[in-house]
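These figures come from a predicted structure and were not determined experimentally. Both backbone and side-chain heavy atoms feed into the values below; hydrogens, waters and symmetry mates do not.
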Amino acid sequence: MSDETQGPEKVPATELLAKLADEGSWHPWDTQITALPEDPDYAADIARAREKTGLDESIICGEATVHGVRVAVVVSEFAFLGGSIGRDAGRRVVSAIRRATAEELPLLALPASGGTRMQEGTAAFLQMVNITAAVVDHKAAKLPYLVYLRHPTTGGVFASWGSLGHVSMAGPGALVGFLGPRVFEGLYGDPFPAGVQVSENLRSHGLIDLVVPVAELGAMVAKILRILAEPVRTGDEPATPRWPEGGVPESSAWDVVEASRRPDRPGVAQLLRVSAQDVAELAGGGAPDARSGIVLALARFGGHSVVLVGQDRNRQLPGGLVGPADLRLARRGMRMAQSLGLPLVTVIDTPGADLSVDAEEGGLANEIAHCIAELTALEVPSVSVLLGQGAGGAALALLPADRVIAMANSWLSPLPPEGASLIVHRDVNHAPDMAERQGIRATDLHTSGIVDVVIAETGAPGGFLPELGAQLAIELAGLAATDQPGRARHREIRRQRIGGSA
């Protein structure tokens, strides 16, 4: 990463394109704009901007290959009237997005803009609606849309097409916000608090996925697009399951609970590192913003690209249980999978949800309900993994799926056994007995039809991760061979079986 003391990177559009595009691969799409507005002052502004930048407008559009991956590009030039969007610039952006959609190309937007061009008023302001509509159609075609927010990006650009990326990145130290600080101070008389409208702060609040310097941007864009551009690679997934359903050594329920809580038990980060390929970890879970440990990532398992959402309790801060904001991030992952047409993998390893005033007022129960609703309505294949602890609504919010895999030392219950003991016996001393009585073990869940596959755990902690990755590949391959109506029927049969009506 670049040294933040040097300030944010300010790279002109043409220089940025030279850094990103493979040599000789850049092909502009723009038709030259020569006309000037009738207003003489505005015409003079345009003429000066053209002379200063050598460009005809604040936007450059075209296509290139980035590390060998073909992509459509829309890039702003801030030196051209603050990168502002008027009617000509807006029409240029819309035309480029429509062409990218027609040619089935992924789209990379690199805005650096103060927003709407004030000299053109409302007509320019409404260009944000037209651009947003084009982005919506591009995403509806299940084509990737990546955004890289450059210094500065504010106003209507940030509040429309700058905030709609499947993946949102930003430059180190970049000013990113809705109302520019100079305008805020002019309107309200006080400076905007320092450090709020900065890419790293937005990253810490889950509003930006990655902070990436320009020097590393091309490699990151190519990595993400390779995952998204080839959702299925054939020939490298196992053809048949290697583990029978059953045959897992039995342990007492309390032994399972204690094993799931071992501090050296691996989490989502280790699963991705050991078992997945081409991983691009997005919002959540990183060292700067680890709160509950929720992770959103793109990855491959056995040749199948997926969106993965899970909680890594090894990354959560003390007391950082799953709250409403974490579940909103999880729902974003669900919507991303649906939008991109990729399978969704959820990983459950949670001691429970945040039981606090903030969580209640933030709509925790509402978010749990919406997670369950979105998962049950999901049209893309889905696999849920019980990796360890599965306590309460925080676990239920990630559970519904076409297939459920459970590690032998995992469990699922309405409350941790201690909580169940408190309700029934008014003490925690009966927790082992409650764990046994409630049938919370993975093997119990398999017997009742809630879990499809139980994977034995042998050897050192984490030794099961390669087997888990391989089983994920098996499940994804099986689901890929089943159409959406077939998956929907299977989900209904599962629900009936669990409900006792089948």
Side-chain angles (χ1 to χ4, degrees), residues 1-2 4 7-11 16 20 74-76 78 83 106-115 132 135 139 144-181 192-221 223-225 227-228 279-298 307-309 315 324-336 339-340:
M1 303 296 283
S2 64
E4 293 182 25
E9 296 176 291
K10 301 176 183 178
V11 182
L16 180 61
L20 274 179
V74 174
V75 57
S76 302
F78 190 79
L107 178 63
L108 172 63
L110 304 114
S113 174
T132 297
V135 170
K139 294 171 72 174
Y145 177 53
L146 277 55
V147 176
Y148 181 71
L149 302 166
R150 296 153 57 220
H151 176 78
T153 302
T154 61
V157 169
F158 181 50
S160 57
W161 53 287
S163 292
L164 294 175
H166 287 114
V167 177
S168 295
M169 300 169 281
L175 169 64
V176 179
F178 178 53
L179 187 62
F192 198 83
V196 174
Q197 297 175 310
V198 178
S199 56
E200 286 80 2
N201 186 52
L202 270 62
R203 166 77 170 91
S204 72
H205 285 80
L207 301 175
I208 290 174
D209 294 311
L210 300 164
V211 176
V212 184
V214 168
E216 300 172 14
L217 180 60
M220 180 58 69
V221 167
K223 179 180 184 179
I224 292 170
L225 290 180
I227 297 173
L228 301 182
V279 177
E281 191 172 316
L282 306 179
D289 60 322
R291 294 182 295 275
S292 69
I294 287 285
V295 173
L296 170 61
L298 299 169
V307 176
L308 181 142
V309 176
R315 289 186 172 187
D326 305 301
L327 294 178
R328 283 191 286 273
L329 175 59
R331 288 174 61 198
R332 182 192 157 204
M334 298 169 196
R335 291 191 296 270
M336 181 186 294
S339 175
L340 290 166

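A distance of 9.5 Å separates CG of L16 from CD of E9, quoted to the nearest 0.5 Å. Rounding to the nearest 0.5 Å places CZ of R335 at 9.5 Å from NZ of K139. Taken to the nearest 0.5 Å, the CZ atom of F178 stands 10.5 Å off from the CD atom of Q197. S199 contributes atom OG, which lies 9.0 Å from atom CG of L149 (distance to the nearest 0.5 angstrom). Note that OH of Y145 and CG of L228 are 14.5 Å apart. Values are rounded to the nearest 0.5 Å. Separating the CG atom in L225 from the CE atom in M220 is a distance of 11.5 Å, to the nearest 0.5 Å.
Using a 4.5 Å cut-off on side-chain heavy atoms (C-beta onward), L179 and T154 make no contact. With contacts defined as side-chain heavy-atom distances shorter than 4.5 Å, the pair M336/L296 qualifies. Using a 4.5 Å heavy-atom cutoff, the side chains of L108 and L20 are in contact. Between V309 and M334, every side-chain heavy-atom pair lies at or beyond the 4.5 Å cut-off. A heavy-atom distance below 4.5 Å is found between the side chains of L298 and V307. Side-chain contact between P8 and L175 is absent, with no heavy-atom pair separated by less than 4.5 Å.
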*Take L207 and V176, measure what side-chain contact (heavy atoms from CB on, under 4.5 Å) needs, and give me the verdict at the end.*
CA-CA 11 Å; L207 301 175; V176 179; over 6 Å; no

*Tell me, with the steps shown, if D209 and R332 meet side-chain contact (heavy atoms from CB on, under 4.5 Å).*
CA-CA 12 Å; D209 294 311; R332 182 192 157 204; 2.6 Å; yes

*V11 vs R150, side-chain contact (heavy atoms from CB on, under 4.5 Å): CA-CA, chis, key distance, verdict*: CA-CA 9 Å; V11 182; R150 296 153 57 220; 5.5 Å; no

*Check the pair V295, E281 against side-chain contact (heavy atoms from CB on, under 4.5 Å), reporting the backbone distance first and the verdict last.*
CA-CA 7 Å; V295 173; E281 191 172 316; 3.9 Å; yes

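Closest non-hydrogen pair, G114 versus F78, comes out as N-CE1, 3.9 Å. For the residue pair P111 and T153, the shortest heavy atom distance occurs at O-OG1, 3.1 Å. For the pair V135 and W161, the tightest heavy-atom approach, listed with the atom from each and the gap, is CG2-CB, 4.1 Å. Closest heavy-atom contact between V212 and Y148: O-OH, 2.6 Å. Minimum interatomic distance between V157 and S113 (heavy atoms only, all atoms of both residues): CG2-OG, 3.4 Å.
Screening L217, V74, V221 for a side chain to side chain contact (heavy atoms under 4.5 Å, CB included) with L110, the sole residue that qualifies is L217.
The backbone N or O of G173 lies less than 3.5 Å from a partner atom in the side chain of E200, making a donor-acceptor pair. Of the possible polar contacts, none joining the S160 side chain to the T132 backbone as a donor-acceptor pair under 3.5 Å is found.
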